[in-house]
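Keep in mind that what you see is a predicted model, and the values were worked out from it rather than measured. Numbering starts at 1 and runs along the sequence shown.
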Amino acid sequence: MTPRAGKVMQTAELAQHVTQWRAAGETIILANGCFDVLHVGHVRYLRAAKELGGRLVVAVNSDASARSLKGSGRPRVPDLERAEILSALEAVDAVTVFQDLDVRRLVHLLRPDIHAKGTDYTPENVPERDAVLACGGRVAIVGDPKDHSTTELLRRDEWPKS
């Protein structure tokens, strides 16, 4: 991955930043998702994650993992572009692209204090919950009700199809 913006980092570089932030006494918050076609639900989720207090790291599913999760024709926006768009948000401190279907491996590497997930989850059904707890972190459900989704946006007749 070639970073295209100052906050978009490869995993090794991100791990160094997290180590420095933690040494400075900062809380590390991890949020993740596909973020294909950024919408207001994404913005509210990330803003609410940042409001937990600390450095917000956003992990973006790679094109291959997003396709596996969302189906053919997805993502509509390439992973490095999605990462760059997210890095432009004020609430976001760092962004990385990950290849797996979930962020367990990244959780073990970064050991976030808080793993923030959207309201389509409960604290009990977050896929990475076991890894977060094993690393001494906690899960927080943040954002507004799940009234927005990229899948619904793409189903609208007026949305350009590829």
Side-chain angles (χ1 to χ4, degrees), residues 1-36 38-70 75 79-80 82-146 148-150:
M1 173 175 71
T2 304
R4 303 207 183 231
K7 292 194 261 182
V8 179
M9 304 174 198
Q10 293 185 23
T11 307
E13 180 185 5
L14 175 59
Q16 291 175 345
H17 281 273
V18 166
T19 298
Q20 292 168 353
W21 293 334
R22 184 169 279 119
E26 304 225 36
T27 298
I28 307 301
I29 305 158
L30 175 65
N32 71 285
C34 292
F35 301 101
D36 189 16
L38 191 67
H39 57 71
V40 71
H42 292 136
V43 172
R44 291 173 182 167
Y45 160 53
L46 295 173
R47 188 180 301 133
K50 179 67 172 185
E51 289 172 359
L52 295 170
R55 295 289 187 148
L56 178 58
V57 174
V58 180
V60 177
N61 288 82
S62 69
D63 291 343
S65 67
R67 192 170 305 104
S68 292
L69 292 167
K70 303 294 183 177
D79 51 19
L80 290 178
R82 290 182 278 132
E84 186 174 348
I85 291 165
L86 290 167
S87 77
L89 298 177
E90 183 179 349
V92 176
D93 293 294
V95 182
T96 195
V97 175
F98 70 101
Q99 303 298 321
D100 302 318
L101 296 180
D102 65 46
V103 291
R104 280 185 178 90
R105 192 179 335 205
L106 199 55
V107 165
H108 286 292
L109 176 67
L110 302 179
R111 306 181 71 78
D113 300 291
I114 305 168
H115 182 44
K117 294 294 277 187
T119 57
D120 46 337
Y121 291 92
T122 67
E124 295 74 31
N125 74 2
V126 169
E128 307 85 5
R129 180 178 187 271
D130 57 338
V132 173
L133 297 176
C135 291
R138 69 179 175 93
V139 172
I141 305 301
V142 299
D144 65 349
K146 183 72 174 177
H148 310 90
S149 82
T150 300

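Pairing each heavy atom of Asp36 with each of His42, the nearest pair is O-CE1, 4.1 Å. A pairwise comparison of heavy atoms in Val97 and Ala83 identifies CG2-CB, 4.1 Å as the closest pair. The minimum heavy-atom distance linking Arg104 with Ala131 is given by the pair CG-CB, 3.9 Å. Of all non-hydrogen atoms in Trp21 and Ala94, the two that sit nearest each other are CH2-CB, 3.9 Å. Annotation for Asn32 and His115: closest pair OD1-CE1, 3.0 Å, computed over non-hydrogen atoms. Across all non-hydrogen atoms, the minimal contact from Ala49 to Ile29 is O-CD1, 3.4 Å.
For the atom pair Leu56 CG and Leu89 CG, the distance stands at 9.5 Å (nearest 0.5 Å). Going from atom CZ of Arg129 over to atom OG1 of Thr122 covers 8.5 Å, rounded to the nearest 0.5 Å. Considering CZ of Arg44 and CG of Leu46, their distance stands at 12.5 Å, rounded to 0.5 Å. To the nearest 0.5 Å, the span separating CD1 on Ile114 from CZ on Arg138 amounts to 4.0 Å. To the nearest 0.5 angstrom, Cys135 atom SG is 13.5 Å from Ile28 atom CD1. Taking SG of Cys34 as the reference point, atom CG of Asp63 lies at 10.0 Å (rounded to 0.5 Å).
Looking only at distances, no side-chain donor or acceptor of Ser65 sits under 3.5 Å from a matching main-chain atom of Leu101.
By the side chain to side chain contact (heavy atoms under 4.5 Å, CB included) test, Ala15 is found to be paired with Leu109, Leu110, residues two or more places apart in sequence or in another chain being considered. Residues satisfying the salt bridge (Lys or Arg N to Asp or Glu O under 4.0 Å) test with Arg105, not counting sequence neighbours, are Asp100. Gln16 pairs by the side chain to side chain contact (heavy atoms under 4.5 Å, CB included) definition with nothing, not counting sequence neighbours. Under the rule for a side chain to side chain contact (heavy atoms under 4.5 Å, CB included), the partners of Glu51 that lie at least two apart in sequence or sit in another chain are Arg47. Take Ile141 and apply the side chain to side chain contact (heavy atoms under 4.5 Å, CB included) test, not counting sequence neighbours, and it matches Lys117, Thr119, Tyr121, Pro123, Val126, Val139.
A heavy-atom distance below 4.5 Å is found between the side chains of Val95 and Val60. Pro112 is listed as a side-chain neighbour of Val107, based on a closest heavy-atom distance under 4.5 Å. The shortest distance between side-chain heavy atoms of Lys70 and Asn61 does not fall below 4.5 Å. Put simply, the side chain of Phe35 reaches to within 4.5 Å of the side chain of Val58, judged on heavy atoms.
The stretch residues 22-34 participates, sequence neighbours left out, in these salt bridge (charged side-chain N to carboxylate O under 4.0 Å, His left out) pairs: Arg22-Asp113, Glu26-Arg55.
Remark: Glu124 CD is packed, more than 12 non-hydrogen atoms of other residues, nucleotides or ligands lying under 6.0 Å away.
Remark: Asp79 does not engage Arg67 in a salt bridge, criterion side-chain N to carboxylate O under 4.0 Å.
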